[in-house]
Amino acid sequence: MINTITEGVKVSVETIYQPEYSNPANDHFMFAYKINIENVGNHAVQLMRRHWNIFDSNGTQREVEGEGVVGLQPVIEPGQAHEYVSGCNLKTDMGSMKGEYQMLRLVDEVLFDVTIPEFYLIAPYKLN
């Protein structure tokens with residue numbers, strides 16, 4: 001598991017290759033990732049937006065941006081966490097993702113960015 005802490009918000013990431021949704025013969029590789037966002041600070045925060053940079057090992061880069069995560073803009077109280085699972089398809093069997101969450105600190109309505117650490121999407125057979 002990979003994690004980082006920015007301004008009292010800890011982001012942890014786990015990845016899972018999904019062979020049942022992949023089709024290597026057609027350059028389609030599907031990965032799931034589970035993210036845990038934990039408020040280790042002293043004030044409630046709300047996740048407002050996400051921004052992803054997605055890289056295939058063939059040099060292709062994509063950006064994805066939008067409100068919330070999986071349709072939600074969760075409020076995370078101190079000592080609490082929000083966990084979700086999402087997915088990403090690549091054209092290669094290896095790649096990576098990284099990005100930021102835009103958070104709102106509710107006590108003073110200050111917006112700040114939280115780093116999503118770079119994590120790798122690798123089909124397990126590539127590790128042998």
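Scope of the values below: all heavy atoms of this structure, side chains included, with no hydrogens, waters or symmetry mates. Predicted model, so just to flag it, every value in this text is computed and none were measured.
- Taking 4.5 Å as the limit, every side-chain heavy atom of Asn39 sits out of range of all side-chain heavy atoms of Gln80.
- Tyr21 places none of its side-chain heavy atoms less than 4.5 Å from the side chain of His28.
- Contact annotation: the side chain of Val45 never approaches that of Glu7 to less than 4.5 Å [non-hydrogen atoms, C-beta and beyond].
- The shortest distance between side-chain heavy atoms of Asn42 and Pro78 does not fall below 4.5 Å.
- Other residues, nucleotides and ligands contribute at most 12 non-hydrogen atoms within 6.0 Å of the CD atom of Glu109.
- Grouping the Ile, Leu, Val, Met, Phe, Trp and Tyr side chains by contacts below 4.5 angstrom, directly or via other members, places Ile122 apart from Met1.
- Here the straight-line distance linking atom CG of Asn3 with atom NZ of Lys10 works out to 4.5 Å at 0.5 Å rounding.
- By the criterion of side-chain heavy atoms lying less than 4.5 angstrom apart, applied directly or through intervening Ile, Leu, Val, Met, Phe, Trp or Tyr residues, Leu90 is grouped together with Val64 in one hydrophobic cluster.
- Between Gln46 and Leu106 the shortest side-chain heavy-atom distance falls below 4.5 Å.
- Checking side-chain atoms of Asp56 against main-chain N and O of Lys91 turns up a donor-acceptor pair under 3.5 Å.
- The NE2 atom of His51 sits 11.5 Å away from atom CD of Gln102, with the distance rounded to the nearest 0.5 Å.
- Side-chain contact between Tyr101 and Ile35: present, with at least one pair of heavy atoms (C-beta onward) separated by less than 4.5 Å.
- In this structure, Tyr17 and Phe31 have tilted ring planes: the angle between them lies in the 30° to 60° band.
- Note that the OG1 atom of Thr4 and the CD1 atom of Ile116 stand 10.5 Å from one another [nearest 0.5 Å].
- For the atom pair CG (Leu121) and OG (Ser96), the distance works out to 7.0 Å, reported to the nearest 0.5 Å.
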**Request:** Test side-chain contact (heavy atoms from CB on, under 4.5 Å) on Met48 and Leu111 and set out the steps.
**Result:** CA-CA 9 Å; Met48 304 304 292; Leu111 290 169; 4.2 Å; yes
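- Side-chain contact check for Met103 versus Val9: some heavy-atom pair is nearer than 4.5 Å.
- Looking at Arg62, its side chain never comes within 3.5 Å of a backbone N or O of Asn53 through a donor-acceptor pair.
- Ring planes of Tyr33 and Phe119: tilted class, angle from 30 to 60°.
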